[in-house]
Amino acid sequence: MKRPQAQVAVLQAADAQEDRRIDDVAAEADLKPEAATRAAFELEADGLVSVSEETLEHYELTDEGDRYVRESLPEQDLYEAAIDAGAADGPVQMGQVIGASGLEGGAVDIALSNYARKAYGSIDSGEITANQDADPGSDPEMLALEAVADRRVDDADTDALDQLERRGLLDVREETVRSVQLTDDGVTALMEGVEAAETVDQLTPEMLTSGEWEDVAFTEYNVEADAEDVSHGKEHILRQTANRVKDTLVGMGFSEMEGPHADAQFWINDCLFMPQDHPARTHWDQFALAEPEEIGHLPPDLVERVRSAHKEGVGPDGEGYHSPWTEDIARGMDLRGHTTSLSMRYLSGHQVGELDPPERYFSVEKVYRNDTLDPTHLLEFFQIEGWVMAEELSVRDLMGTFTEFYEQFGITDLEFKPHYNPYTEPSFELFGTHPETGEVVEVGNSGIFRDEVLTPLGVDCDVMAWGLSLERLLMLMYGFEDIRDVHGTLCDLELLRETEVIR
Ligand code: PHE
């Protein structure tokens, strides 16, 4: 049988009776450990060797652990000073004992907490006692420290080792060690004779210029072989999914909206028929800007129509709020709490000119809310905004659009719940089922804009609209439970690294 040189070397170095470490095999076969590992996996795939794996733990003292093993543990010093001060016979002033112990700075706290934990004595309202029966001389943590320092880890107590790691006195590093052993087939192959085939595993410029590449046999790649994980930079799954959402909506005939993150309350709230004394318009919910305090320009005729909708309502039977409405409030600047502000700008005709139905627009952009941080809420998140303008629209169109959209992301169990929004009637919240917890999670809010919104904007056909959470969509797709797994400093790096890219 002919085999690549590295495989032959590994076969010959491996043993049928016992596992041999790949590192040892590599040294004997004069191969790099990676090359020997690769060859071993190739041989394993053909049943000629078996590869086993074992995780070894290496213990190493930290600088602090090293200092203690050469001197003593702070709690041992404290005990000694306490005994000298007579604390075995009754409580003694703590200050006096600490002074005598020579402990300083952070070491004092370390000594006190471990002293109490190990029941060397008790500490109460500034006084310390020492337990006569305690035996700091054979402190298990000190013994374990010494065992690690002397490379006798096997002698050390495992609880004590854990405790030392928690105290930061010990670093534990895990190493995966692989071993090979010849199988029966491997033994047979060796007996029948294995020869090294001249194979080339790297194409060089010289081989290309000389033409030698035409005559050589190249090593086969085993793309299924285990390889070391390399974590490299990659597109964040939130960004990936945002781009997928955009592609999906463009595929469904939508165009993208753009607009300011900080905007006038007029576009964020007033156009949406949200009364100026609505609770969601207070600083409890939204972030106001000090600078600039107000927007430079608002279209005067639109302002007038919105004001009149708020005061008197629209149409012959219209009812307004009859509550105060001032342009000053409408001009105030906020970070947008939803991207429905963009929908208002576009529907008003002030962003891209007058629109002719049918029209479809979307955005996937950040919004900002003064929420309380918890596993499903952040102060900023991405909203998938969208609307469809057409002559006749019904709730079925809305449901159909969502069903089609979410299907693209593997979500087929949408549920709808009637809801209230000041700007849509009817309104629906959307829910999906979390793949891990089975909980029903709200993923979005939607509805058909009411006349009080559309008439001032000058739109005289139907418009259905929605705001969906990108992060919640991600939760349903990937099964994580905390929004902070994908945002901010606490994010789950493993999730971000290992989530497959889907296109
Ligand atoms: N603005 C709503 C929200 O942020 C979403 C929405 C947009 C609902 C458009 C209806 C129509 O929850």
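No experiment lies behind these values; they were computed from the predicted model shown. Numbering of residues begins at 1 and proceeds along the displayed sequence. Keep in mind that the numbers below use all heavy atoms, side chains included, and drop hydrogens, waters and symmetry copies. Note that ligands are numbered from 1 as they come in the structure, with each ligand's atoms numbered from 1 the same way.
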S.K.: Where does N445 meet ligand 1, judged by heavy-atom distances below 4.0 Å: at the side chain, the backbone, both, or neither?
M.R.: both
S.K.: Is it true that a side-chain atom of R38 and a backbone atom of P33 form a donor plus acceptor pair closer than 3.5 Å?
M.R.: no
S.K.: Counting N and O atoms only, with roles assigned by atom type, does the side chain of D334 sit under 3.5 Å from a partner on the main chain of R336, one being a donor and the other an acceptor?
M.R.: no
S.K.: Between Y423 and F273, is the gap from one ring center to the other below 6.0 Å?
M.R.: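 No, ring centres 6.0 Å or more apart.
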S.K.: Say whether M464 and ligand 1 are in contact under the criterion: heavy-atom distance to a ligand atom below 4.0 Å.
M.R.: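 No; M464 lies far enough from ligand 1 that no heavy-atom distance drops under 4.0 Å.
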S.K.: For A465, take its heavy atoms, then give the atoms of ligand 1 lying under 4.0 Å from any of them.
M.R.: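 Every atom of ligand 1 under 4.0 Å from some heavy atom of A465: 9 (C), 10 (C), 11 (C).
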S.K.: Going by distance alone, is a donor N or O of one side chain under 3.5 Å from an acceptor N or O of the other, for T62 and D171?
M.R.: no
S.K.: Quick one: does W387 get a heavy atom under 4.0 Å from ligand 1?
M.R.: no
S.K.: Which of the atoms of ligand 1 are close to Q383, meaning less than 4.0 Å from one of its heavy atoms?
M.R.: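 So the atoms of ligand 1 that pass are 3 (C), 4 (O).
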S.K.: Return yes when R369 approaches ligand 1 closer than 4.0 angstrom through a heavy atom, no otherwise.
M.R.: yes
S.K.: Measure from atom 6 (C) of ligand 1 to every heavy atom in G444, G467, G447, G386 and give the option owning the shortest one.
M.R.: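 Shortest heavy-atom distance from atom 6 (C) of ligand 1: G467.
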S.K.: Can you name the atoms of ligand 1, numbered from 1 with element, that are less than 4.0 Å from a heavy atom of E385?
M.R.: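 Close to E385: 7 (C), 9 (C).
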S.K.: Give the contacting part of N421 toward ligand 1: side chain, backbone, both or neither, where contact means a heavy-atom distance below 4.0 Å.
M.R.: side chain
S.K.: H487 vs F382 aromatic rings, parallel, tilted or perpendicular, using cut-offs 30° and 60°?
M.R.: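 It falls in the parallel class, under 30°.
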S.K.: Please determine whether side chain to side chain contact (heavy atoms under 4.5 Å, CB included) holds for the pair T376 and R472, giving the CA-CA distance in whole Å, both sets of side-chain angles, and the decisive distance to 0.1 Å.
M.R.: CA-CA 8 Å; T376 51; R472 301 271 177 93; 3.7 Å; yes
S.K.: Between the side chains of E327 and R307, is the shortest nitrogen-to-carboxylate-oxygen separation below 4.0 Å, so that they form an ion pair?
M.R.: no
S.K.: So, regarding W466 and ligand 1 (criterion: nitrogen or oxygen to nitrogen or oxygen, under 3.5 Å), is there a contact or not?
M.R.: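 In this structure, W466 places no N or O atom under 3.5 Å from an N or O of ligand 1.
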S.K.: For atom 2 (C) of ligand 1, what is the closest protein heavy atom, and at what distance to 0.1 Å?
M.R.: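 Looking only at protein heavy atoms, the one closest to atom 2 (C) of ligand 1 is Y423 OH, 3.1 Å.
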S.K.: With a cut-off of 4.0 Å, which atoms of ligand 1 are near a heavy atom of S446?
M.R.: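 Checking each atom against S446, I get 8 (C), 10 (C).
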S.K.: Heavy-atom contacts with H338 under 4.0 Å: which atoms of ligand 1 show up? List them by number with element.
M.R.: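 Selected atoms, number and element: 1 (N), 4 (O).
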S.K.: Just by modelled atom types, is the I110 backbone N or O under 3.5 Å from a matching donor or acceptor in the E75 side chain?
M.R.: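 Not confirmed, E75 side chain does not pair with I110 backbone.
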